[in-house]
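Just so you know, these numbers come straight off a predicted model, no measurement behind them. Numbers restart at 1 for each chain; the letters A, B, ... are given by sequence-line order, proteins then strands.
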Amino acid sequence: MSETIVPVYNSGKIEKKWQQKWADDKIFEANIDPNKPKHYALTMLPYPSGNLHIGHWYAITPSDAHARYMRMRGYNVMFPMGFDAFGLPAENAAIKHNIHPSKWTFDNIDHMRDQLKSMGAMFDWRREIISAKPEYYRWTEWFFLQLYKNNLAYRKFSPVDWCPTCNTTLAREQVWGDDRHCERCGTPVIKKDLNQWYFRTTKYAEELLDFSEMDWPERVQTLQTNWIGKSEGASVTFLSEDGDPLEVFTTRPDTLWGATFMVIAPEHPLVSKLTTPDHIAEVAAYVEQAKRQSDIQREAADREKTGVFSGSYAINPVNQAKIPIWIADYVLMGYGTGAIMAVPAHDERDFAFARKFNLKVIVVVQPENMELLDGDTMTQSVPAHGTLVNSDLMTGTPGDKAFDRVVSWLEEKGIGHRTVNYRLRDWLISRQRYWGAPIPMIYCPNCGVVPVPEKDLPVLLPEDVEWKPTGESPLKLHPTWKKVTCPCCGADAERETDTMDTFMCSSWYHLGYLSPYFNTWPFDQKEYDYWMPVDIYTGGIEHATMHLIYTRFFHKAGRDMGIMKGKEPMLMLRNQGSVLGEDNEKMSKSRGNVVDPDKLVAQYGADTVRAYLMFFARWELGAPWNSSGIEGSSRWIRRVWSLFLEPADRQNCANEDTLRIMRRKLHQTLKAVTRDLENFQFNTVISGLMELLNELMKAKQNGAFGSKEWNEAANIYLRMMAPVTPHISEEIWSLLGYPYSIHNQLWPEVDEEAAKEEEITLVIQINGKVRDRITVPADISDEDAKTIALATEQIHSAVQNKEIKKIIVVPKKLINIVL
RNA sequence: GCCGAAGUGGCGGAACUGGCAGACGCGCACGACUCAAAAUCGUGUACCAUUGGUAUGUGGGUUCAAUUCCCACCUUCGGCACCA
């Protein structure tokens, strides 16, 4: 037999070659095409930390595969990539290694862009954005000004969370966990009183709870819903004896008659006014001590209640009862009004407080299935709803009607009204750092707070900066940068030296991709109208209550300002899990369990790495890395290579059965792979292709190679592989003589007729246990199936002499004989 | 404490709508090729025992039939937490 020369699979050579060719031919450049349906596929952009890690690959590869699949479905697909380039690590590098953040960042980007290119993803690099470039952050500043002009940005002096390691304030969303630590570095935060800029996210609290127009994971919706923390109740105003109004929020207006005291937070503005002379010393000491306590200590729910009496009394507007006003730190200034009515009989916290300080407990709610409650003897509060008692004209109101009836009455009498409270806070966006977008504001001694005129944007970061070991922002220390003349009156004025939270940059980057070249508006309207909204957004779940809330807020605010359109920026969201180290721990340099994608690409090729990342775990869950597991994907790739390229000993001589079964498996696989790609179930996409490969190998042994059915199988197989392993698919496609490029082909069509099973295995059970299997024609009638089943030897002997109670036939699946 | 997700072989995982549990892959074992090894190819691989039985975190329930539905509980992970 003559030796045919079979090309050797060389991943490195093939991948470089095609990446270059695709770039030269611009085949993945996304341009407006009104004749095609558009598809905007977006994946969260990386921070240029220096190296692409396996987690980036894990997140991006399946997103790319899905985008490629959509492209083959005939969509005009945009899949852009960029860099979230402002942020603290650049500054830390500056302090530690004396390298300018800009150089550090842009060097890293150059390296990471090359790494990203090695993935062979279909990024349209013309659309790249880098949030630290002036062309980009000019518009970040511009958005700030629009928010300011629309009263959605404001400045406030108040206690804020400060990370002592990062040397900056943080938004509420960036403070995590029981010990209230910094989301970025893990250091517990402390409180500082500072003048800071905020965005009015709370204005959109209600609208942010509406997910009806989005296909987002239930999990993210729950996280956001809990974060926004809506509670419905009533607002009621009590008056002090001196006539000072004390507004309280309560979710239980039905318990108003049981209020036996009031509590105000130590930071409440009326504390000193309400404190009577004989209580001054005690109150002052308490307030001072509350101030010194950290939030962690204060907010521990199981902590013993503390508090002091102010000496003053308030009048309960529903029954004119005179009740004492206490000051206690279990009431938080940051929620509601910082004052509560205390109903110890029906609230756990109020009860604990009342018992400790011997305050009255009055029962006003009697749940139906409980013994008669007595305020003097009860040992715990009863928060359950029930019939109102001791409540004047409301007495006797059933539990399920109490809320509405009382609130209506309050509104009628003008004492209170229905209110909704949210846990969500406004977004604190000031950061005391250099490497961020400057807040474009000026402080003038005459005019006060003045926005930088839009024509003067961007406010550029100064290049010549120095870092002090104290970590203080170089913008503050810069000799000239902050000095400016007031745009209103021309007086000497000062710039704001804080920069913006980098989440501000990432709140609108999906718009930056639309037209990075554009310089008269943040985006080209034509591009916006064609591409927006984002159709599929992929990324990590860790952003559920940060980036994903901010970007929704940003869109809604932008819409109300007439800049953006539609209800939501991203219609569909899918989250990937994370890849752990082989030791089942989080990957980190210190643990030494980091997997380097560059090395894997060098060893196996990008296609193998892509395939393995899609195969080895359920995408949304993630799993620990397994370095021998990747061998399986490598084998698969090499088998595909030899399957289609190595000639067979026997060619084009297969019998009809072989060919029919091969085609059946082919089209069944196509059906399954299509379904799984649609559903982001990438692991079964690969396993389906592996199964089909095994089937094709058998068919090849049986002489199928070279037949027209074989050629169909190769053609479809390669097109199915193309989104997953773009390089090898293109290479084999071209070696088999198909026209360039496989990536411009349409997704194959299922031949339903070929996919049909003509024979099926019918399972025969007795009392639910498998006793036999028979092969029957797929279109067999239930009656015939029953007859054949009962006639088999196994079943016949088992059924002998016994009474058949019932026979259940599941068409095409099984027969269960109940004895 | 409250809310959410997940528990299937040695491992990652599969099972579309209640219908053969363990697809596919890793690992392991054996065999072929080889002087030998690697690679490759082939065969086998949940557990226990002899026909058969037992298995999807645990215990119940519904059903002819449950990884799938219901109830209770356990474990792990994530979020929230003195939020009135």
Side-chain angles (χ1 to χ4, degrees), chain A residues 176-178 217-227 229-231 233 248-252 255 263 265 298-303 305 328-332 334-343 346-350 352-353 383 421-425 541-542 544-545 577 584 611-612 615-618 620-633 635-636 638-639 642 671-672 675-676 679 681 683-694 697 701 761-773 805-819:
Chain A
W176 284 18
D178 290 348
E218 211 54 52
R219 199 160 145 225
V220 175
Q221 294 185 34
T222 308
L223 285 169
Q224 294 203 345
T225 303
N226 290 346
W227 186 258
K230 177 178 184 173
S231 53
V248 303
F249 171 74
T250 176
T251 52
R252 293 296 302 277
T255 64
V263 185
R298 247 184 90 162
E299 288 175 12
D302 48 359
R303 184 174 143 251
K305 296 271 177 297
D329 63 6
Y330 81 92
V331 171
L332 310 172
Y335 183 80
T337 58
I340 62 157
M341 63 166 195
V343 185
H346 306 293
D347 181 279
E348 201 189 326
R349 299 149 301 179
D350 297 344
F353 195 81
N421 240 297
Y422 301 92
R423 218 183 60 97
L424 184 74
R425 307 290 161 86
I541 187 102
E542 66 275 13
T545 58
N584 207 5
Y612 184 57
F615 175 68
F616 91 115
R618 264 164 70 179
E620 72 278 17
L621 295 180
W625 182 258
N626 179 336
S627 52
S628 60
I630 193 171
E631 294 290 346
S633 301
R635 257 169 232 151
W636 171 57
R638 282 178 284 131
R639 276 179 191 156
S642 56
K671 227 173 147 171
R675 181 195 66 213
D676 293 345
N679 295 329
Q681 280 162 5
N683 54 343
T684 47
V685 168
I686 313 284
S687 70
L689 289 171
M690 285 173 169
E691 264 183 75
L692 177 56
L693 173 92
N694 294 341
M697 278 167 69
Q701 264 167 17
T761 305
L762 201 58
V763 171
I764 311 171
Q765 299 182 328
I766 294 179
N767 289 338
K769 299 216 160 127
V770 181
R771 279 298 115 97
D772 205 357
R773 294 183 175 88
K805 288 202 190 115
K806 211 200 278 189
I807 299 179
I808 286 154
V809 181
V810 182
K812 297 188 179 189
K813 289 250 162 73
L814 93 174
I815 293 177
N816 191 10
I817 301 161
V818 187
L819 297 179

**OP:** Just call it for R425(A): base, sugar-phosphate, or nothing, with non-hydrogen atoms closer than 4.0 Å on any strand.
**Re:** base

Original post:
Nearest to the side chain of K305(A), which nucleotide is it out of rU54(B), rA84(B), rC82(B)?
Top reply: rC82(B)

Subject >> Whole-Å gap separating C1' (rG22(B)) and CD (E691(A)) >> reply: 13 Å

**OP:** For rA72(B) versus rG78(B), give the span between their C1' atoms, rounded off to a whole number of Å.
**Re:** 24 Å

**OP:** Kindly give the heavy-atom pair with the smallest separation between A544(A) and V220(A), and that separation in Å.
**Re:** CB-CG1, 4.2 Å

**OP:** Can you tell me, in whole Å, how much space there is between the P of rG7(B) and that of rU68(B)?
**Re:** 11 Å

Original post:
Which is true for V818(A) with a 4.0 Å heavy-atom rule: it touches a base, it touches only sugar-phosphate, or it touches nothing?
Top reply: sugar-phosphate

Pairs under 3.5 Å (N/O, protein and nucleotides 38-45 of chain B):
unit_1	atom_1	unit_2	atom_2	d
rU40(B)	OP1	R638(A)	NH1	3.4
rC41(B)	OP1	R639(A)	NE	2.8
rC41(B)	OP2	R639(A)	NH2	3.3

**OP:** Just compare rG79(B), rA14(B), rA81(B) and give me whichever is closest to any side-chain atom of W176(A).
**Re:** rG79(B)

Subject >> K769(A) side-chain N/O to rU54(B) phosphate OP1/OP2 under 4.0 Å >> reply: yes

**OP:** Apply side-chain contact (heavy atoms from CB on, under 4.5 Å) to N226(A) and list each qualifying residue two or more places apart in sequence or on a separate chain.
**Re:** T222(A)

Subject >> Value in whole Å for how far the P atom of rA65(B) lies from CD1 of I764(A) >> reply: 19 Å

Subject >> Between C1' of rU68(B) and NZ of K813(A), the distance in whole Å >> reply: 14 Å

Original post:
What's the closest nucleotide to the V331(A) side chain, out of rA84(B), rC82(B), rC24(B)?
Top reply: rA84(B)

Original post:
Heavy atoms under 4.0 Å, any strand shown: does S231(A) hit a base, just sugar-phosphate, or nothing?
Top reply: sugar-phosphate

Subject >> Protein-nucleotide distance (L814(A), atom CG; rA66(B), atom P), rounded to Å >> reply: 12 Å

Original post:
Mind checking the P distance from rC26(B) to rG60(B)? Whole angstroms is fine.
Top reply: 39 Å

Original post:
Touch check for Q765(A), heavy atoms < 4.0 angstrom, all strands: base, sugar-phosphate only, or nothing?
Top reply: base

Original post:
What distance, rounded to whole Å, do you find between the two P atoms, one in rG9(B) and one in rC48(B)?
Top reply: 14 Å

Original post:
Dot-bracket for RNA chain B, 5' to 3', counting Watson-Crick or G-U wobble pairs under 3.5 Å, with [ ] for crossing pairs and | for inter-strand pairs?
Top reply: (((((((..(((......[....)))((((((.......))))))(((...)))..(((((..]....))))))))))))....

**OP:** Between rG57(B) and rA14(B), how far apart are the P atoms? Round to whole Å, please.
**Re:** 14 Å

Original post:
Mind checking the P distance from rC74(B) to rG19(B)? Whole angstroms is fine.
Top reply: 30 Å

Original post:
Could you give the distance from CG (L762(A)) to CG (D772(A)), rounded to the nearest 0.5 Å?
Top reply: 10.0 Å

Original post:
Given side chains that start at C-beta, do those of R771(A) and I764(A) come closer than 4.5 Å, heavy atoms only?
Top reply: no

Subject >> Upstream residue (5' side of RNA chain B) when Q681(A) and G688(A) are each assigned their closest nucleotide >> reply: Q681(A)

**OP:** Would you indicate what K805(A) reaches in the nucleic acid, counting non-hydrogen atoms under 4.0 angstrom: base, sugar-phosphate, or nothing?
**Re:** nothing

**OP:** Just compare rG19(B), rA84(B), rG27(B) and give me whichever is closest to any side-chain atom of S628(A).
**Re:** rG27(B)

**OP:** Identify, with sequence neighbours excluded, every residue that meets ring-ring contact (aromatic ring centres under 6.0 Å, His included) alongside F249(A).
**Re:** none

Original post:
Expressed in whole Å, how much space separates the C1' atoms belonging to rC33(B) and rG42(B)?
Top reply: 11 Å

Subject >> ring-ring contact (aromatic ring centres under 6.0 Å, His included) partners of F353(A), counting only residues at least two apart >> reply: F261(A), W326(A), Y330(A), F357(A)

**OP:** Among rG79(B), rG19(B), rC24(B), find the nucleotide with the atom closest to the side chain of L223(A).
**Re:** rG79(B)

Original post:
Contact class for G629(A) vs. all strands (heavy atom < 4.0 Å): base, sugar-phosphate, or nothing?
Top reply: sugar-phosphate

**OP:** Indicate, with a heavy-atom threshold strictly under 4.0 Å, whether N683(A) touches base, sugar-phosphate, or nothing.
**Re:** sugar-phosphate

**OP:** Could you measure between the two P atoms, the one in rC41(B) and the one in rC24(B), and give it in whole Å?
**Re:** 15 Å

Report all interatomic pairs (protein N or O, nucleotide N or O of nucleotides 4-12 of chain B) with separations under 3.5 Å.
unit_1	atom_1	unit_2	atom_2	d
rG12(B)	O2'	F616(A)	O	2.1

**OP:** Check every strand shown and say whether N694(A) touches a base, only sugar-phosphate, or nothing at a heavy-atom separation below 4.0 Å.
**Re:** sugar-phosphate

Subject >> Separation of rC24(B) C1' from M690(A) CE (nearest whole Å) >> reply: 7 Å

Original post:
How would you label the contact of W227(A) with the nucleic acid (heavy atoms, under 4.0 Å): base, sugar-phosphate, or nothing?
Top reply: sugar-phosphate

